[in-house]
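These notes concern the structure reproduced below.
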Amino acid sequence: MTDCLFCRMVAGEIPADVVHQTDRVFAFRDINPQAPTHVLVIPKEHHPTIGELAGSDAALLGEVVGAAQTVARQEGLIGADGAEPGYRLVANTGPQAGQTVHHVHVHVLGGRNLTWPPG
Ligand code: 5GP
Ligand code: ZN
């Protein structure tokens, strides 16, 4: 039994709106979406931060990013040309970045204009 929210979602102890998974990665809709598409992609194995994961299992980090691309294509964010309309990946690390769940997760955001400043 773990107190990690995302480990518990992977284990099926807490419900998740799953949009994609493989044997090693898991993707589900964020409960508080900040864009029309807001999906979290996580490794099924517990790792605290994306930087730690890069050092300990770079291949798994690659699978997380690949799964984000798969989700973006499913959501219609990647067109036939491979780019349009596009999406944003966000990975928060630490309190000043607003990391609230200490299990690596990449936010996949899209479906609205995300540029700075909005134009
Ligand atoms: P962070 O702020 O750590 O980068 O992102 C954590 C994300 O997890 C937030 O966007 C938050 O809305 C999402 N979240 C927190 N609790 C739950 C939950 O129980 N279910 C889902 N689907 N998302 C959650
Ligand atoms: Zn975990």
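Order of listing sets the numbers, starting from 1, for every ligand and every atom in it. Only heavy atoms go into these numbers, but all of them, side chains included; no hydrogens, no water, no symmetry mates.
Contact detail for Ala35 and Gly110: the closest heavy-atom pair is CB-O, 3.6 Å. Of all the heavy atoms in Ala67 and His20, the pair that sits closest is CB-CD2, 3.9 Å. Contact detail for His38 and Asn32: the closest heavy-atom pair is ND1-O, 4.0 Å.
The proximity of His107 to ligand 1, defined as any non-hydrogen pair under 4.0 Å, is limited to the side chain. Heavy atoms of Asp17 found under 4.0 angstrom from ligand 1: none, in either backbone or side chain. Here Leu40 has side-chain heavy atoms under 4.0 Å from ligand 1, and that is the only part of it that gets that close. By the criterion of a heavy-atom distance under 4.0 Å, both the backbone and the side chain of Thr100 are placed next to ligand 1.
Counted by atom type alone, Glu52 and Ser56 present one or more donor-acceptor pairs between their side chains at under 3.5 Å. No hydrogens or angles considered: a donor-acceptor pair under 3.5 Å links the side chains of Glu75 and Thr37.
Listed by number with element, the atoms of ligand 1 under 4.0 Å from a non-hydrogen atom of Gln99 are 3 (O). Residue contact check: Phe28 has heavy atoms under 4.0 Å from atoms 22 (N) of ligand 1. Of all the atoms in ligand 1, the ones that sit under 4.0 Å from a non-hydrogen atom of Phe6 are 8 (O). Counting the atoms of ligand 1 from 1 in the order shown, those under 4.0 Å from a heavy atom of Asn32 are 12 (O).
No side-chain heavy atom of Tyr87 sits less than 4.5 Å from a side-chain heavy atom of Val71. A 4.5 Å side-chain heavy-atom check between Val64 and Val104 finds every atom pair outside the cut-off. Between Leu89 and Gln69 the shortest side-chain heavy-atom distance does not fall below 4.5 Å. Side-chain atoms of His103 and Pro48, non-hydrogen and from C-beta on, never get closer than 4.5 Å to each other. Between Thr49 and Gln99, some side-chain heavy-atom pair lies under the 4.5 Å cut-off. Taking the side chain as every heavy atom from C-beta outward, His107 and Asn92 approach each other to under 4.5 Å. Looking at Arg73 and Leu77, their side chains never come closer than 4.5 Å, going by heavy atoms from C-beta outward.
Of the protein's non-hydrogen atoms, the one nearest atom 15 (C) of ligand 1 is Leu5 CD2, 4.1 Å. Of all protein heavy atoms, the one lying nearest to atom 12 (O) of ligand 1 is Asp30 OD1, 2.6 Å. Regarding atom 22 (N) of ligand 1, its nearest protein heavy-atom neighbour is Arg29 O, 2.9 Å.
When rounded to 10 degrees, the angle formed at the Zn ion (ligand 2) by ND1 (His103) and SG (Cys7) equals 110°. For the pair ND1 of His46 and SG of Cys4, the angle whose vertex sits at the Zn ion (ligand 2) is 110° to 10 degrees.
Considering backbone and side-chain N/O atoms, Gly98 comes within less than 3.5 Å of an N/O atom of ligand 1. Among the atoms of Val101, some N or O lies under 3.5 angstrom from an N or O of ligand 1. Between His105 and ligand 1, at least one pair of N/O atoms sits closer than 3.5 Å.
When distances to the Zn ion (ligand 2) are checked against a cut-off of 2.8 Å, His102 contributes no N, O or S atom below that limit.
When Thr93, Ile31, Ile42 are checked for heavy-atom proximity to atom 21 (C) of ligand 1, Ile31 turns out nearest.
At least one heavy atom of Met9 sits closer than 4.0 Å to an atom of ligand 1.
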